[in-house]
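Contents: one structure, followed by commentary.
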Amino acid sequence: MRVARVLGVLEPGGAQLFALRLSAELRGHGVATRLLAGDATPAGLELAARYGLAADAYRVGEVLAPGSLQWTPAPDFAGWLGPRLAGADLVHAHMVGAWWAAARAVPPHVPLVASEHNQMSWPDGDHTPQAREAARRVGVFFAHGPAVRAWAAGIGLDDGRLREGRSLVEGLQARPLPGLPSPRLTFAGRFRGDKAPEVLVEALALLGAPPSAYLVGDGPQRDALTDLIRSCGLQAVVHLPGWSYEPARYIAGSSVHAVPSREESWSQSAVLALGLGVPVVGTAVDGLARTLGGGRGILVPPEDPGALAGALSRVLGGERPDPGPGRAYAKQFTPAAAAAVYAAAYRQLLAGHGDPG
């Protein structure tokens, strides 16, 4: 099976990692992937190459342009995409800017799968009317979180085409990097507003004796975060090791993992920490509330450094959830389990369209 996988944005991030890991795992199901991207950064292209995928990108830059193709319908991108979809048996597009363009460009006989991995926050203007029109061409829509599922239902996809997205994590057997201190706290994710790393730094400043903290990741707020760490006097406590291809090796063996997000459809780092038996403190937002519910983790309100500090202090003091339910939950999201779900969906959709030839 030949699948064209289209990303609105290719950069180091959770949705991108999911798409790349899924593509790699699907090779075992006889699925060959061609990777196409709207906006891409050099770091994103390098990340794709690590998974054996040479991405073709519409535009490349160190900084994503305003109106990025994650969120924005762009007719020129659709025109660029058209000839590159030739020969595909199926197209799977991730992020609304990608599946809107694919809906215009994909040949009539080729099925289209769409995925959304985040709440529809529309940073550059609400394009729901355009998405509703494009949704008519979508055969199956995978929604990775309660809020985006409700949005997808609202544009007419709740007629049998709407499915729960099956995410995946790598590193459930990871061992800690040598030399890491104990106790320690971890965070893993993009340094940007929706992930709220600054709220975690403010919470650490409220602790009397904060442990060493490793904030693993990178992003547009790195300079501001560095300034905040300095102003809080936490330079000796908070470490910013940068983006890591193996965040599990920081998280494994840590005392507590923090997910202070303002928005979070499904947190890879939270599920990874649960699978490694590490206590997780996270915010009660969207899909994260479901991930950490049922006693698997500890939930606090978003944008509340005091509440976050209190929960971290209690865990560091020994009040830890039973790790059993969290480990069991994480086992659902291995790469093999996720690939089986998508391979079955692809074959079912192709069967409905006849022999792909």
Side-chain angles (χ1 to χ4, degrees), residues 11-22 94-95 115-121 142-149 164-172 174 185-200 203 213-219 243-244 246-248 250-252 254 256-304 308 311-312 315 321 323 325-335 337-338:
E11 63 175 349
Q16 293 82 357
L17 274 172
F18 161 79
L20 297 173
R21 290 166 174 166
L22 176 63
H94 304 253
M95 310 171 201
S115 288
E116 280 295 342
H117 303 264
N118 299 288
Q119 293 176 243
M120 305 307 289
S121 59
F142 288 100
H144 292 254
V148 72
R149 185 182 181 91
E164 183 172 345
R166 174 62 67 92
S167 296
L168 59 88
V169 293
E170 285 183 322
L172 293 177
L185 174 150
T186 51
F187 163 99
R190 295 285 287 162
F191 294 167
R192 66 184 185 197
D194 58 330
K195 302 301 182 185
E198 78 284 358
V199 175
L200 175 57
Y214 287 79
L215 278 58
V216 183
D218 210 340
W243 174 264
S244 173
E246 296 182 302
Y250 287 91
I251 297 171
S254 64
V256 61
H257 183 72
V259 189
S261 303
R262 294 181 174 91
E263 300 176 6
E264 194 69 71
S265 292
W266 196 86
S267 170
Q268 293 185 35
S269 79
V271 176
L272 179 56
L274 292 175
L276 290 167
V278 173
V280 181
V281 175
T283 46
V285 296
D286 198 29
L288 185 56
R290 183 169 61 180
T291 296
L292 299 182
R296 290 186 288 268
I298 299 167
L299 291 164
V300 298
E303 300 195 69
D304 190 337
L308 180 57
L312 294 174
V315 173
R327 287 186 186 274
Y329 177 81
K331 288 179 180 178
Q332 304 174 74
F333 304 105
T334 63

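If you're wondering where the values come from, they're calculated on a predicted model, not measured in any experiment.
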Mind listing the side-chain donor-acceptor pairs of residues 276-288 below 3.5 Å, one per line with the distance, residues two or more places apart or on another chain?
unit_1: Thr283; atom_1: OG1; unit_2: Ser261; atom_2: N; d: 3.4
unit_1: Thr283; atom_1: OG1; unit_2: Ser261; atom_2: O; d: 2.6
unit_1: Asp286; atom_1: OD1; unit_2: Ala147; atom_2: N; d: 2.8
unit_1: Asp286; atom_1: OD2; unit_2: Ser265; atom_2: OG; d: 3.3

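Under 3.5 Å, the side chains of Arg262 and Gln119 contain no donor-acceptor pair of N or O atoms.
Checked against the 6.0 Å centroid criterion, the rings of Phe333 and Trp266 qualify as a close aromatic pair. Ring pair Phe142/His117: centre-to-centre distance not below 6.0 Å.
In this structure, Phe18 CZ and Arg166 CZ are separated by 10.0 Å, a value rounded to the nearest 0.5 Å. Leu17 CG to Glu170 CD: the interatomic distance, rounded to the nearest 0.5 Å, is 8.0 Å. To the nearest 0.5 Å, the span separating OG1 on Thr186 from OH on Tyr250 amounts to 11.5 Å. How far CG of Leu185 is from NE2 of His257: 8.5 Å, rounded to the nearest 0.5 Å. Note: Ser167 OG to Leu22 CG = 10.0 Å, rounded to the nearest 0.5 Å. For the atom pair CZ (Arg149) and CD (Glu116), the distance works out to 14.0 Å, reported to the nearest 0.5 Å.
Under the side-chain contact (heavy atoms from CB on, under 4.5 Å) criterion, Arg290 pairs with Pro146, Glu164, sequence neighbours left out.
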Walk me through it: do Gln16 and Arg21 pass the test side chain to side chain donor-acceptor pair (under 3.5 Å)?
-> CA-CA 9 Å; Gln16 293 82 357; Arg21 290 166 174 166; over 6 Å; no

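You'll find the side chain of Val148 reaches within 4.5 Å of the side chain of Met120, heavy atoms only. Between Leu168 and Thr334, every side-chain heavy-atom pair lies at or beyond the 4.5 Å cut-off. Side-chain atoms of Phe187 and Val216, non-hydrogen and from C-beta on, never get closer than 4.5 Å to each other. The shortest side-chain heavy-atom distance between Leu292 and Val259 does not fall under the 4.5 Å cut-off. Side-chain contact check for Leu308 versus Leu200: some heavy-atom pair is nearer than 4.5 Å.
Although no hydrogens or angles enter the test, the distance criterion places no donor-acceptor pair under 3.5 Å between the side chain of Glu263 and the main chain of Asp194.
Val300 and Ala311 make their closest contact through CG1-CB, 3.7 Å (heavy atoms, listed as atom of the first residue, atom of the second, distance).
Of the charged side-chain nitrogens involved, none lies within less than 4.0 Å of a carboxylate oxygen, so that Arg190 and Glu264 do not count as a salt-bridged pair.
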